[in-house]
Amino acid sequence: MNTLKRAFLPFVLVVALVACKGKSEEKKQKDGGPKAAIVDVIIASTNKISKSVEVNGSVLPNEMTTIQSEVSGRVTFLQIPEGGNVAAGAVLARINDADLKASQQKINVQLDLAQKNEARLKKLLSIGGINQADYDAVLNQVNTLKADLSIIQAQLDKTVIKAPFAGTLGLRMISMGAYVTPATVITTIQEVNQLKIDFTVPEFYAEKIKKGTVVKVQSADNKTTANAVITATEPLVNATTRNLKVRAVLKGRSFNLGAFVKVSIDATAGNNTILVPSNCIIPESTVKKVVVIKDGIGQLVEVETGERNEGLVQIVKGLSVGDSIAVSGVLFVKPNSPVKVRSVKLLSDIATLD
């Protein structure tokens with residue numbers, strides 16, 4: 001009898017285990033398996049994100065230089081209307097040139113005599129009265145004196161100080177009769193009919209800066225606004241600041257020279273950009289991920305981000321048009337776990353595109 005009990009006991013244990021397992025499976029099936037996270041989604045589509053980058057700039061004249069003499073001497077003529085407009089080539093001052101004119105007159109006398117000697121020797125050379133070397137010496141003297149006259153004329157030209165271009169003169173720094181040197185600043189001149197705006201932008205936005213691009217320029221007090229056209233950029237990014245220097249041209253005189261202005265650059269991403277709400281992004285130590293719903297299963301997909309706007313992030317890489325992206329309950333979704341979609345929202349319902 002005891003032997004029968006010992007043989008029957010393992011069978012009872014196996015039946016009991018099977019029964020327990022069956023009840024567990026029955027309960028699991030009754031509950032519908034593991035509990036699914038409930039999320040709202042958006043469907044990835046192409047949009048554009050409007051963004052304006054504001055940087056600081058300075059107003060400069062189109063042309064600007066200081067007026068200085070190329071030679072030293074005493075000023076014998078001075079005509080500088082402070083703050084007035086002058087034409088290109090207008091004579092502003094003259095330096096004493098008496099010594100140069102005297103030297104010029106002396107060389108002219110010597111040249112006249114040398115030319116007469118050259119003419120006589122040329123006739124003698126034609127009939128064999130002198131050798132070629134004698135004639136060449138006189139001809140060389142004539143050419144040397146002409147070269148000396150050219151030097152004197154160049155020095156005389158430097159005594160006349162002219163406006164290099166049409167523009168507005170600054171304040172006069174000297175008086176009549178002053179002795180000036182090449183280091184003496186006589187006045188300044190600026191061309192103000194067309195102004196330049198110089199500003200710098202971060203290297204990140206270098207691709208937005210192209211010749212012909214229109215930027216918005218605003219005064220510091222926000223009272224004056226105008227548009228400027230980018231004309232050039234420095235070819236090299238500053239290695240210290242990682243900024244790119246840009247120059248734009250502003251027609252008219254809307255701002256004071258040297259004024260501080262704010263320059264707004266349109267950094268809007270293209271129409272083929274996929275945008276997601278910023279709360280979709282799951283930041284990790286080295287990567288960023290979003291939850292993509294496929295066939296009722298939540299998957300963590302690694303993405304690369306670009307531009308940002310209030311509430312929106314540009315996805316550069318990782319998503320495709322038509323993907324279902326979780327926008328709520330993101331933190332409750334486990335990788336490759338079932339997900340229940342509560343509703344499909346529009347991007348405009350979550351954040352502002354413009």
*Is the number of heavy atoms from other residues, nucleotides or ligands under 6.0 Å of Ile297 CD1 greater than 12?*
yes
*Without swapping roles, check the side chain of Arg74 against the backbone of Gly177 for a donor-acceptor pair under 3.5 Å.*
yes
*Do Val229 and Thr213 have side-chain heavy atoms sitting under 4.5 Å apart?*
no
*Do Leu300 and Val41 sit in the same hydrophobic cluster, where Ile, Leu, Val, Met, Phe, Trp and Tyr count as joined when their side-chain heavy atoms come under 4.5 Å apart?*
yes
*Within a strict 4.5 Å, meaning less than it, do heavy atoms of the Ile186 and Met173 side chains meet?*
no
*Distance-only side-chain donor-acceptor flag, Ser103 / Gln105, under 3.5 Å*: no
*Going by an N to O cut-off under 4.0 Å, is there a salt bridge joining Lys289 and Glu284?*
yes
*Ile42 with Ile293, same ILVMFWY side-chain cluster at under 4.5 Å*: no
_Test item: Phe332 and Ile38 side chains (from C-beta on) under 4.5 Å apart, heavy atoms_ = no
*In terms of side-chain heavy atoms, does Thr168 have a donor or acceptor partner in Asn85 at a distance below 3.5 Å?*
yes
_Does any part of the side chain of Lys146, heavy atoms only, come nearer than 4.5 Å to the side chain of Gln115, both counted from C-beta?_
yes
*Quickly, which of Leu195, Leu169, Leu257, Leu60 forms a side-chain contact (heavy atoms from CB on, under 4.5 Å) with Gln190? Name it, please.*
Leu257
*How about Thr200 and Lys245: does a side-chain donor come under 3.5 Å of a side-chain acceptor?*
no
*Does the side chain of Ser58 pick up a donor-acceptor pair with the side chain of Asp198 at under 3.5 Å?*
no
_In this structure, would Leu244 and Val53 fall into the same cluster of hydrophobic residues linked by side-chain contacts under 4.5 Å?_
yes
_Can you confirm whether Glu54 sits close enough to Ser264 that some side-chain heavy atom of one is under 4.5 Å from a side-chain heavy atom of the other?_
yes
*asked:* Is a donor from one side chain sitting under 3.5 angstrom from an acceptor on the other, for Asp136 and Gln132?
replied: yes
*asked:* For a 4.5 angstrom cut-off between non-hydrogen side-chain atoms, does Ile43 reach Asp323?
replied: no
*asked:* Test your reading of the model: is there a side-chain donor-acceptor pair from Asn256 to the backbone of Ala259, 3.5 Å cut-off?
replied: no
*Does one hydrophobic cluster hold both Val316 and Val321, with members joined at side-chain heavy-atom distances below 4.5 Å?*
no
*May I ask you to test the Leu100-Thr159 pair for a side-chain heavy-atom distance under 4.5 Å?*
yes
*Out of curiosity, does Phe204 fall in the hydrophobic cluster containing Val263 (side-chain heavy atoms, cut-off under 4.5 Å, transitive links)?*
yes
*Can you find a heavy atom in the side chain of Ile274 that is under 4.5 Å from one in the side chain of Gln314?*
no
*Return yes if a side-chain donor-acceptor contact under 3.5 Å exists between Gln104 and Gln153, otherwise no.*
yes
